[in-house]
Amino acid sequence: MEQQSANNNPQNKQILYKTQGTCSQYIEVGLTDGLISSCRFYGGCDGNTKGLAKLVIGMRPANVISRLSGITCGRKPTSCPDQLCQALKQMQGEDL
């Protein structure tokens, strides 16, 4: 898990988040001026994760978290959307 600020602006961040309990292994997320500017899943269901990544671009992290947090996948207690929310929470410094 790496986190770094870009241009010394706390609103600009990049993270490589190690997922837990999903087929995807990592999620790379970038924030620019408080909005999601990039999102990429490593592993997982290719079409679903690509679609999810495109849908969240331009959104505020809080909106993504409120919509996708707690989604499960099959019998798993989490999912790629839920893990994205965990990454965003970490970026915002929230307790998981």
Intermediate values then yes/no, side-chain contact (heavy atoms from CB on, under 4.5 Å), Asn48 and Phe41: CA-CA 10 Å; Asn48 290 335; Phe41 288 80; over 6 Å; no
field: Steps toward side-chain contact (heavy atoms from CB on, under 4.5 Å) verdict (Leu88, Ile36)
entry: CA-CA 9 Å; Leu88 293 170; Ile36 299 171; 4.0 Å; yes
message: The test is side-chain contact (heavy atoms from CB on, under 4.5 Å); show your working for Gln83 and Cys73 and say whether it passes.
response: CA-CA 11 Å; Gln83 288 296 293; Cys73 183; over 6 Å; no
field: Full working for side-chain contact (heavy atoms from CB on, under 4.5 Å) between Thr72 and Asp82
entry: CA-CA 7 Å; Thr72 59; Asp82 184 60; over 6 Å; no
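Residues Ile27 and Cys39 share a closest heavy-atom pair of CG2-SG, 4.4 Å. Shown here for Lys76 and Cys23, the closest heavy-atom pair between the two residues is NZ-SG, 3.4 Å.
A distance-only check finds no donor-acceptor pair linking the side chain of Thr22 to the backbone of Cys80 [under 3.5 Å]. Judged by distance alone, the side chain of Ser69 and the main-chain N or O of Cys85 form no donor-acceptor pair under 3.5 Å.
Side-chain contact between Leu31 and Asn12: absent, with no pair of heavy atoms (C-beta onward) separated by less than 4.5 Å.
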Donor-acceptor pairs under 3.5 Å, side chain of residues 60-68 to any protein atom, not counting sequence neighbours: which ones?
{"residue": "Ser66", "atom": "OG", "partner": "Ala62", "partner atom": "O", "Å": "3.4"}
{"residue": "Ser66", "atom": "OG", "partner": "Asn63", "partner atom": "O", "Å": "3.0"}

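Leu55 and Ile57 end up in different hydrophobic clusters when Ile, Leu, Val, Met, Phe, Trp and Tyr side chains are linked at under 4.5 Å. By the rule that hydrophobic residues join a cluster once side-chain heavy atoms approach within less than 4.5 Å of another member, Ile15 and Leu52 end up as members of one cluster.
Distance check: Lys18 NZ to Gln86 CD gives 14.5 Å after rounding to the nearest 0.5 Å. Distance check, rounded to the nearest 0.5 Å: CG of Leu84 to OG1 of Thr19 gives 11.0 Å.
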